[in-house]
Amino acid sequence: MQNDILNFTDFLTAQIKEKGPMPLSQFIDFALSHPEHGYYVNRDPLGSAGDFTTAPEISQIFGEMIGAWIVDVWMQMGRPKFHLVEFGPGRGTLMSDILRVASQVDGFTDKVQVHFVEVSKTLKSAQMGELASYEVQWHETMKTLPTDRASIVIGNEFLDVLAVEQLRRASQGWQKKAVNIDEHDALFFDWVDADEALTGLLPSKTASHVIYEVSKPRLDYIKKIAAHLKLKGGAALYLDYGHTRSHHGDTLQALRAHEYVDPLIMAGESDLTTHVDFEPLVNAVKEAGLKSPPCVTQGAFLTHLGIAHRIDALKNYANTIRENGQPDQAEEIIYALDSAYNRLTGAEEMGELFKVMCFYHQDALNPAGFSNDTEAQDGGE
Ligand code: SAH
C-alpha cells in the first residue's frame, strides 16, 4: 500500500510538473478511476471492513423498497420489455434484493434485461457472484448501453463519484481549486484562474469569500440519461447525500476505514466525495422535457413506500419464531430490524442527509414515493 501511495503521488507530481496545476476535477478523476492508481478500480471499499457502508449493505429492506418502486413504475408504463440499468452497483446487493422482490411479479422476469455500468474490476467480480442466477450485461461506460427500448435507471451513491470543481470569487475574478507542488515537491491545494465554461455553471446569485462546487460531469451525465428517457421512455432514480437547493460550501471529504483523512496524503487510497447539488440536475432534466417531482429525503421516500409496514411484517415473522421456541433468534431479528429502520430513515442517520431524485417520461405516469408539497429541506447537513 505504501508503494501505491508513493507511486500515485509521483504520478501526480510528474503530471503537475509537465502540465501545471491540476484542476480539482482531474485530481478526483485520477484518484477514483485512474486505471492503475484509482481508488475504485482495484478494491471493494464497502462494508465494515472497508471504508464506508451504503444503504443496500445495511439491510435487504432498502433494496426491497426500491424493487417495489421499480415494479410500480414498470406497471404504470404498461409492463413493456425494458432495460433495468444500475450505475455503480457496488457488490450487486441492491440489484439482487430488487430482483428477488420483482421476479415474484408475473411477467417481470421475461420483460427485464439487467445492465450494470461499473469501473471496478474487483466489484464486478463480486457482482458476478451475487447475480450468478440472473442474466446481466456489464458495461465499463454508458456508451455501450442499448438504446432500443425504454429503461429504468437507478444509482445509489453514484452521482457523488462524478467529479466537481470548487470555485471562489477573488478580487481579480473567479478562481478554481487546483493541486499544485511546492519547492519540495509536496502537494498542496492552490487556486488558479477559472474559465467561463465553469463560471457559467454557478448559481445566479453568488457571494464573495465562500466556495461553490459545480460539476460538469454530473450535469453531462444526467443530460445523457434524460435524452435517452425522452426518446424511449422510462424513469430514473438517484439516491445520494447532498442538497436540493444550490448553496455554497466546501464538502470535499476523503474517507478511509470510516474515518476522515487528508485527501492529498491518502489520494488513491481513500474514497473522495462531495455532496451532490441536485438543483442544477433537476433543472436540466426539466429542460430536456422530462418530469421531475421535488426531491425528497431518503427518510420520507422510504416512508412513502411503506417501509414501516414491511418492518412490521418481518417483526410478525420474528414473533412466530419466538412462539416456535426460539426467543433469542426472534430478539436478534427484531433488534436488526429496528436498527436498519433507524439507520435508513433516522434524521441523525441517512434519513435527512440523503436525498432522492427522480425524473421520468410521461409513459411512467407518476412514480411512487414523491409528493409535490414535500420538497426536502436542506436542514440535515
Ligand atoms: N451503489 C452501491 C455502491 C456505491 S459506491 C451501493 O450503494 O452499495 C460507488 C460505485 O460506483 C462503486 O460500485 C464504484 O466502483 C462505481 N463507480 C465509481 N466510478 C464510476 C464510474 N465512473 N462509472 C461507473 N461506476 C463507477
Side-chain angles (χ1 to χ4, degrees), residues 25-35 37-67 70 84-98 114-131 136-145 153-164 215-222 224-225 236-242 253-256 258 268 270-276 298 301-302 340 343-344 350 353-357:
S25 63
Q26 175 71 81
F27 168 70
I28 295 174
D29 269 347
F30 279 145
L32 294 184
S33 345
H34 184 279
H37 306 289
Y39 172 77
Y40 276 115
V41 176
N42 294 308
R43 82 185 66 219
D44 176 354
L46 296 161
S48 52
D51 295 326
F52 58 96
T53 301
T54 56
E57 300 301 328
I58 290 174
S59 167
Q60 66 182 61
I61 296 173
F62 180 78
E64 292 169 355
M65 293 286 120
I66 307 289
I70 290 170
L84 176 55
V85 183
E86 183 176 1
F87 281 85
R91 291 179 177 165
T93 311
L94 174 58
M95 187 58 80
S96 156
D97 292 334
I98 288 170
V114 177
H115 300 265
F116 279 167
V117 185
E118 177 58 80
V119 286
S120 160
K121 297 179 199 81
T122 311
L123 287 176
K124 182 177 172 185
S125 44
Q127 292 154 16
M128 286 179 153
E130 184 66 35
L131 278 292
V136 177
Q137 291 176 14
W138 273 268
H139 307 260
E140 280 171 26
T141 74
M142 66 188 297
K143 286 189 191 132
T144 51
L145 285 172
V153 180
I154 56 170
N156 187 60
E157 292 207 36
F158 171 72
L159 292 173
D160 71 88
V161 308
L162 303 177
V164 302
S215 176
K216 185 144 184 338
R218 276 179 205 151
L219 202 56
D220 289 347
Y221 164 80
I222 222 80
K224 283 184 194 143
I225 301 295
L237 185 75
Y238 294 92
L239 300 98
D240 227 307
Y241 37 82
Q253 291 174 344
L255 261 181
R256 184 177 167 80
H258 302 261
S270 56
D271 182 35
L272 272 186
T273 70
T274 49
H275 286 191
V276 175
Q298 177 170 302
F301 180 69
L302 294 175
R343 288 182 73 186
L344 294 173
M350 301 177 105
L353 175 59
F354 279 70
K355 308 295 188 303
V356 191
M357 173 189 181

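Just follow the structure's listing: the first ligand is 1, and inside any ligand the first atom is 1.
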What class does the angle between the rings of Phe354 and Tyr241 fall in, given that below 30° is parallel, 30 to 60° is tilted and above 60° is perpendicular?
perpendicular
Do Glu130 and Ser96 meet the criterion of a side-chain donor-acceptor pair at a distance under 3.5 Å?
yes
Using salt bridge (charged side-chain N to carboxylate O under 4.0 Å, His left out) as the criterion, list what pairs up with Asp51, not counting sequence neighbours.
none
Mind listing the N or O contacts between ligand 1 and protein, cut-off under 3.5 Å?
from     : atom 1 : to     : atom 2 : distance (Å)
ligand 1 : 1 (N)  : Gly88  : O      : 2.7
ligand 1 : 1 (N)  : Asn156 : O      : 2.8
ligand 1 : 7 (O)  : Thr54  : OG1    : 3.4
ligand 1 : 7 (O)  : Asn156 : ND2    : 2.8
ligand 1 : 8 (O)  : Thr54  : OG1    : 2.5
ligand 1 : 13 (O) : Gly90  : N      : 3.0
ligand 1 : 13 (O) : Glu118 : OE1    : 2.7
ligand 1 : 15 (O) : Glu118 : OE2    : 2.5

Sorted by chain and number, sequence neighbours left out, salt bridge (charged side-chain N to carboxylate O under 4.0 Å, His left out) with Arg91 holds for Asp44, Glu57
Using the six-membered ring wherever Trp is involved, compare the ring planes of His115 and His139 and label them parallel, tilted or perpendicular (cut-offs 30° and 60°).
tilted
Name all residues meeting the side chain to side chain contact (heavy atoms under 4.5 Å, CB included) criterion together with Asp97; count only those two or more places apart in sequence or in a different chain, and write none if there are none.
Gln60, Thr93, Arg100
